[in-house]
Amino acid sequence: MAKIIQVIKGTHDILPQEAEQWHFLEKNAIEIFSKYGYKEIRTPVLEATELFARGVGDTTDIVNKEMYTFEKGDRSLTLRPENTAGVVRSFIENGMTRLSAPVKLWYKGPMFRYERPQKGRQRQFHQVGVEMFGVKEPAADAEVILMAVNYLKSLGLNDLDVEINSLGCPKCRDEFKLKLKEVLKPEFSNLCEDCQNRYEKNPLRLLDCKVESCKAIFEKPEIQKVIQSDFVCEECKTHFDELKLYLDKMNVKYSVNKLLVRGLDYYNRTVFEIKSNNLGSQNAVCGGGRYDSLVKNLGGEDTPAVGWAMGMERLISLLPERKIKKLDGYIVSNFSAEAFQLAEELRHEGYSVEFDLSNKKFTKQLEKASKVANYALILGEDEIKSNTVSVKNLATSEQKTVSKKDLRSIL
RNA sequence: GCGUCUGUCGUCAAGCGGUUAAGACCUCGGAUUGUGGUUCCGAUAUGCAUGGGUUCGAAUCCCAUCAGACGCCCCA
């Protein structure tokens with residue numbers, strides 16, 4: 001036997017059983033998002049590497065060590081690790097700045113990140129996401145969060161925790177970073193290796209450290225004082241307060257998590273995550289926030305934006321299993337030409353019908369029918385002569401012989 | 001990139017150094033050439049992720065590689 005070729009590490013096949021769940025996610029996405037006026041956009045899986053370096057941020061882990069990048073000709077290409085940068089690129093390139101705001105887009109598709117696979121994390125995974133351009137007011141943040149919650153509800157996922165936070169604007173955030181670094185400076189040598197790296201690269205992420213010794217340091221009163229201080233400026237605070245007001249009015253339950261920072265560079269002001277307790281350590285099903293400077297950074301006109309993405313594999317792992325749909329009918333017959341004709345007739349009328357293509361014995365065909373269909377349509381010599389079909393309900397064993405016309409009222 | 005554990009038929013598994021590698025499910029065939037889902041018979045791994053090594057002897061011990069699970073980091 002020839003050598004078997006395996007799937008690539010961190011990727012997997014979506015088999016028929018699971019595909020039913022994907023259809024469910026996709027159907028609900030279109031339904032819910034279009035109620036809010038979102039239109040689907042599909043961008044290429046392949047983009048210029050520079051898009052992510054500039055868009056996602058070259059200090060992020062995603063860009064530094066997780067991208068599938070290769071050279072083709074004289075250009076560097078990358079398999080998209082996320083889709084916000086791609087959508088923004090398309091927004092700018094297709095002149096959507098000229099469209100009447102807000103511009104509301106949603107997408108779904110595969111993303112690629114070179115990471116060590118674990119529960120809820122693959123190298124090829126899929127995201128559904130939404131992006132709204134052109135509205136700086138907090139109502140946009142609220143709508144986007146509300147839509148995420150409603151989408152999850154439509155999937156039957158109700159017991160998820162919404163966490164929000166404000167990162168402030170570049171100005172007030174930088175001031176906070178400085179303060180934080182200052183107060184942590186004396187403890188620098190006591191921090192864990194990761195935290196020492198984060199100290200320069202992204203001090204906000206320090207707060208999230210799970211190492212006990214680091215946690216202990218952060219508990220110190222003078223450091224807590226800085227962490228707990230409302231560092232955001234007046235405008236940012238107002239924005240955040242208004243968002244909370246909207247969420248309260250819309251009955252969205254949430255908690256404010258001051259340690260929520262998120263790892264993509266483009267966020268400012270609002271960030272949020274939706275988490276589940278049933279996912280292990282990769283517990284976020286949805287992550288997003290506001291990214292008011294990204295469009296400008298990528299060469300477009302200054303345009304505020306908010307959005308989020310959900311990991312579809314993580315959603316599916318929270319869904320109950322679905323049964324594969326049975327066929328409406330399975331034709332049991334040893335007259336294949338006639339069976340073929342009947343099958344085609346019914347298919348054209350919208351029924352799902354199969355028949356035995358290899359002319360097996362009657363009992364085998366019936367056995368097959370009972371496994372895959374709701375009704376067995378028996379088409380033997382007698383039936384053909386009288387232009388009828390014997391219809392057997394495979395659940396109740398009821399059987400009656402009817403004319404082909406009456407068949408439609410049974411199936 | 002780091003750590004821990006795991007890898008026997010399509011699936012779930014027993015075997016843990018000594019003759020032909022249990023069993024169950026699925027699949028296929030037969031009992032049953034017009035009535036299935038119940039039952040009964042039968043078939044299906046010259047091989048134990050792959051490659052080396054130790055041994056008289058390896059699925060069982062050792063090493064490497066590959067793959068998987070979970071955690072760290074990070075993220076959806």
Side-chain angles (χ1 to χ4, degrees), chain A residues 1 3-12 15 17 56 59-66 81-84 108-129 148 152 192-195 197-198 201-202 205 208-211 260-264 271-276 279-288 307-318 326 330 332-335 358-384 390-399 401:
Chain A
M1 287 245 276
K3 193 185 162 201
I4 292 169
I5 296 164
Q6 310 176 286
V7 274
I8 301 303
K9 182 182 187 131
T11 70
H12 73 282
L15 301 173
Q17 175 88 34
V56 178
T59 64
T60 60
D61 279 3
I62 291 181
V63 170
N64 275 318
K65 46 184 200 189
E66 296 176 3
E82 58 96 59
N83 206 25
T84 297
K108 62 163 201 286
M111 309 295 158
F112 303 84
R113 259 121 96 158
Y114 187 76
E115 296 180 272
R116 192 73 180 263
Q118 71 183 73
K119 189 182 176 74
R121 189 166 75 189
Q122 289 83 39
R123 289 182 173 181
Q124 176 177 345
F125 63 103
H126 297 74
Q127 289 186 330
V128 240
L152 293 167
C192 71
E193 201 183 324
D194 287 328
C195 282
N197 287 330
R198 283 186 282 233
K201 223 171 72 178
N202 193 349
R205 296 216 67 89
D208 218 6
C209 189
K210 277 128 197 149
V211 177
L260 181 62
V261 268
R262 307 197 46 73
L264 288 74
V271 288
F272 58 92
E273 278 184 9
I274 302 179
K275 294 177 179 173
S276 162
L279 281 175
S281 70
Q282 309 302 322
N283 61 355
V285 286
C286 175
W308 51 253
M310 294 192 190
M312 296 178 81
E313 282 82 356
R314 290 185 190 177
L315 291 177
I316 282 173
S317 71
L318 294 174
K326 286 197 168 184
Y330 191 92
V332 174
S333 174
N334 287 108
F335 299 86
S358 49
N359 204 30
K360 291 204 181 67
K361 284 183 196 168
F362 185 88
T363 49
K364 289 293 169 196
Q365 290 191 30
L366 197 59
E367 193 182 332
K368 173 83 172 176
S370 72
K371 281 177 193 158
V372 302
N374 293 319
Y375 289 92
L377 309 177
I378 300 165
L379 192 62
E381 204 166 350
D382 299 345
E383 285 88 354
I384 289 173
S390 293
V391 185
K392 177 164 189 162
N393 181 323
L394 290 161
T396 64
S397 294
E398 271 176 274
Q399 179 174 335
T401 304

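Order of the sequence lines sets the chain letters (A, B, ...), proteins ahead of strands, with each chain counted from 1. Everything quoted here is computed from the prediction, not taken from an experiment.
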- Query: So which nucleotide does B:G37 pair with, by the Watson-Crick or G-U wobble rule with both distances under 3.5 Å?
  - Reply: none
- Query: What is the distance, rounded to the nearest whole Å, between atom CG of A:N334 and atom P of B:U35?
  - Reply: 12 Å
- Item | Residue whose nearest RNA chain B nucleotide is more 5′ - A:V285 or A:I8 | A:I8
- Task: Using only heavy-atom distances, decide whether a donor-acceptor pair under 3.5 angstrom links the side-chain of A:T363 to the base of B:G34.
- Result: no
- Message: When you measure only distances, ignoring hydrogens and angles, does the side chain of A:K361 come within 3.5 Å of the base of B:U33 through a donor and an acceptor?
- Response: no
- Query: Given B:G71, B:C72, B:G34, which nucleotide is nearest the side-chain atoms of A:E383?
  - Reply: B:G34
- Confirm from the modelled atom types if A:Q365 and B:U35 form a donor-acceptor pair under 3.5 Å, side chain to base only. no
- Taking OP1 and OP2 of B:G1, is either one under 4.0 Å from a side-chain nitrogen or oxygen of A:K65? no
- So what's B:C9 paired with, Watson-Crick or G-U wobble, going by both distances under 3.5 Å? none
- Message: Please classify the nucleic acid contact of A:K392 as base, sugar-phosphate, or nothing, using heavy-atom distances under 4.0 Å.
- Response: base
- Distance test, side-chain N/O of A:S281 to OP1/OP2 of B:C72, below 4.0 Å: yes
- Query: So, is A:K371 close to the B:U27 phosphate, meaning a side-chain N or O under 4.0 Å from OP1 or OP2?
  - Reply: yes
- Message: Assess whether a salt bridge exists between A:E115 and A:R121, defined as any Lys/Arg side-chain N lying under 4.0 Å from an Asp/Glu carboxylate O.
- Response: yes
- Pick the C1' atom in B:C61 and in B:C72, then give their distance to the nearest Å. 32 Å
